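Just the heavy atoms: all of them, side chains too, but no hydrogens, waters or symmetry mates, feed the values below. Predicted model, so just to flag it, every value in this text is computed and none were measured. In this chain, residues are counted from 1 in sequence order.
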Amino acid sequence: MTRQVKPLETIEPGHLRFYSCGPTVYSYTHIGNFRTFLTADLVIRTAEALGMRVTYVSNITDVGHLTQDDVADAGGEDKMARALQSKEGEAFNNVWELAEYYEDAFREDWARLNLREPQVRPRATQHMREQIVAAGQLIEQGNAYETPSGVYFNVESFPSYGKLSGNTQDNLRKAVREVVLDDNKREQADFALWKKDDKHLMQWYSPFGWGFPGWHLECSVMARKYLGDTLDLHAGGEDLIFPHHECEIAQSESLTGKTFSNHWIHTRFLQVNGEKMSKSLGNFYTVRYLLEKGADPLAIRYALIAGVYTKPLNFTDQSLSDAMGNIERFKRSDAAVTSALEAGCEGEDSIGTALDELYEQALDAMTNDLNTSIALAKALEGTRVILREADLLSLASAESGKRYLDRINDLLGIVRHDRALDCKEIAPVAPKVDEARIESLISDRATAKKEKNFTLADQIRKDLDAEGIELRDTPEGTVWVVKTSL
Ligand SMILES: [Zn+2]
């Protein structure tokens, strides 16, 4: 809000009330999203290392997030509904099933990357009553109004609109984002609290008719329900500053008359191999994609937190393999300490003082606006101290080594998983493929070849290849494999 780093002062001393915007579960969550969730994770770990209690809420968006919400209010289609109509969506009976599938997948990836569980993970679809009540109250207070297409927040009724993003009402008119032209809107900058749509796949009854809530409203009501009128800290990716967080502030502060969040933290973008992640460039990395390629989940975590959150991060094949090497050092240190604890050799503690100092330096770096690059360097230095004496560690040194690795793991989550992963989470990640469909395409291709329609046969092969399925013609017939190169 102030464009400055400020001390994080909590309303209740020693208790951090923290909200971080969660994913929209219409697809697998990519590593750019996870970079943002990892910033939140590091906030919690650092606060806990300082002895604070944290109440952490992170939502699941399962309705209302539209394809053009970032650039044009209430524009485009609902992401959930569109996903159901896509090719991947054919695997699901309905939009609820699709949401459940991708939420489960998201939670598995969350555990694999060793993120702390929030105390509450509220879903938008389970807080419909609260959203309808909030929209009604905003109408009553004169902050919102109803039109034939929905309920809109009247931006003019909230004079400090734009205070987070700098997109004040005047600036907005200069096309900071295109807003949907709706003749019934009072100001084109007004944004939707409720969309009327009795054809929508997910709809609820409200005093304003059948429809569904706006994406921004869910975060306002769920943050308030679980954390109170004023939060200590609110997090998200930098792409959420505007319009999402700006709209959350306008709604919440109009409803309560109080400051919505005392502090804000936004994570900068992630690039992959120097480019913006996109499906068309083939660098749209999901956690499970990288696991399929043999990456260690903790190394993915390491690579994603290696750069400070205040700067864009370039995730490369090199940064991932460097991270694999570093994670290996932590694992070797952990193993050396464990076997020295079992061996129980006499001798003095020759490493405790050095390790305590390194831990304090790592913690210091984290309390300074989450400086992960210094913290990780200090943490690695500790592994050097342990591994230098690996085979000679006395019991006393091993105890210091264990304390160090435990504390580094609590702070950064890079030594081992905090909790044992369950079967689903450790299961080898297999790509979701529709085998019946592939087999039927292979038989179409064989028929095409027999009929000398080589153009069609080749097209089928190319189409499957583009989906990551490679066809191999063998003496026993055509077989298919999932391609494995990065
Ligand atoms: Zn949000």
(request) Indicate yes or no: does Arg288 engage Glu108 in a salt bridge with an N to O separation below 4.0 Å. (result) yes
(message) Suppose we call two aromatic rings close when their centres sit under 6.0 Å apart. Are Tyr101 and Phe92 close by that rule?
(response) yes
(message) Within the 3.5 Å criterion, strictly below it, is a donor on Asn59 or Tyr19 matched to an acceptor on the partner's side chain?
(response) yes
(request) Please report the shortest heavy-atom distance between Ala379 and Leu412, naming the atom on each side. (result) CB-CD1, 4.0 Å
(request) Tell me yes or no: between the side chains of Gln126 and Arg123, is some donor less than 3.5 Å from an acceptor? (result) yes
(request) Using the test ring pair (Phe, Tyr, Trp, His ring centres under 6.0 Å), find all partners of His263 that sit at least two apart in sequence or belong to another chain. (result) none
(message) If only side-chain N and O atoms count, and only distance matters, is there a donor-acceptor pair under 3.5 Å linking Asp232 with Thr10?
(response) no
(request) Go through the steps for Asp465 and Arg461 under the test salt bridge (charged side-chain N to carboxylate O under 4.0 Å, His left out), then give the verdict. (result) CA-CA 6 Å; Asp465 197 73; Arg461 187 187 55 77; 5.3 Å; no
(message) Can you tell whether the side chains of Asp410 and Arg45 come within less than 4.0 Å, N to carboxylate O?
(response) no
(message) Checking side-chain polar atoms at under 3.5 Å, does Thr24 have a donor or acceptor matched by the opposite partner on His65?
(response) yes
(request) Measure from NZ or CZ of Arg116 to the centre of the six-membered ring of Trp110, then state whether that distance is under 6.0 Å and the direction lies within 45° of the axis. (result) no
(message) Assess whether a salt bridge exists between Glu439 and Arg437, defined as any Lys/Arg side-chain N lying under 4.0 Å from an Asp/Glu carboxylate O.
(response) no
(message) Are Phe34 and Tyr285 an aromatic pair, judged by ring center distance below 6.0 Å?
(response) no
(message) For the backbone of Ala124 and the side chain of Glu218, can you confirm whether one donor and one acceptor N or O come within less than 3.5 Å of each other?
(response) no
(message) So that I can tick it off, tell me whether Arg107 and Glu103 are bridged by a salt bridge, with the cut-off set at under 4.0 angstrom between side-chain N and carboxylate O.
(response) yes
(message) Students often mix this up, so state it plainly: with edges at 30° and 60°, are the rings of His245 and His266 parallel, tilted or perpendicular?
(response) tilted
(message) Regarding Lys462 and Asp458, does a basic nitrogen lie under 4.0 Å from an acidic carboxylate oxygen?
(response) yes
(request) Inspect the contact between Lys378 and Glu360 and indicate whether a charged nitrogen and a carboxylate oxygen are less than 4.0 angstrom apart. (result) no
(message) Any carboxylate oxygen within less than 4.0 angstrom of a Lys/Arg side-chain nitrogen, looking at Asp296 and Lys331?
(response) yes
(request) State whether a side-chain donor-acceptor pair under 3.5 Å links His244 with Glu248. (result) yes
(message) Under a 3.5 Å threshold, yes or no: a donor from one side chain and an acceptor from the other, between Asn273 and Thr316?
(response) no
(message) For the backbone of Thr55 and the side chain of Gln119, can you confirm whether one donor and one acceptor N or O come within less than 3.5 Å of each other?
(response) no
(request) State, without any angle test, whether Ser333 and Thr383 hold a side-chain donor-acceptor pair at a distance under 3.5 Å. (result) no
(message) Within the 3.5 Å criterion, strictly below it, is a donor on Asp369 or Tyr309 matched to an acceptor on the partner's side chain?
(response) yes
(request) Before accepting this row, confirm whether a basic side-chain N of the pair Lys449/Asp444 lies closer than 4.0 Å to the acidic partner's carboxylate O. (result) no
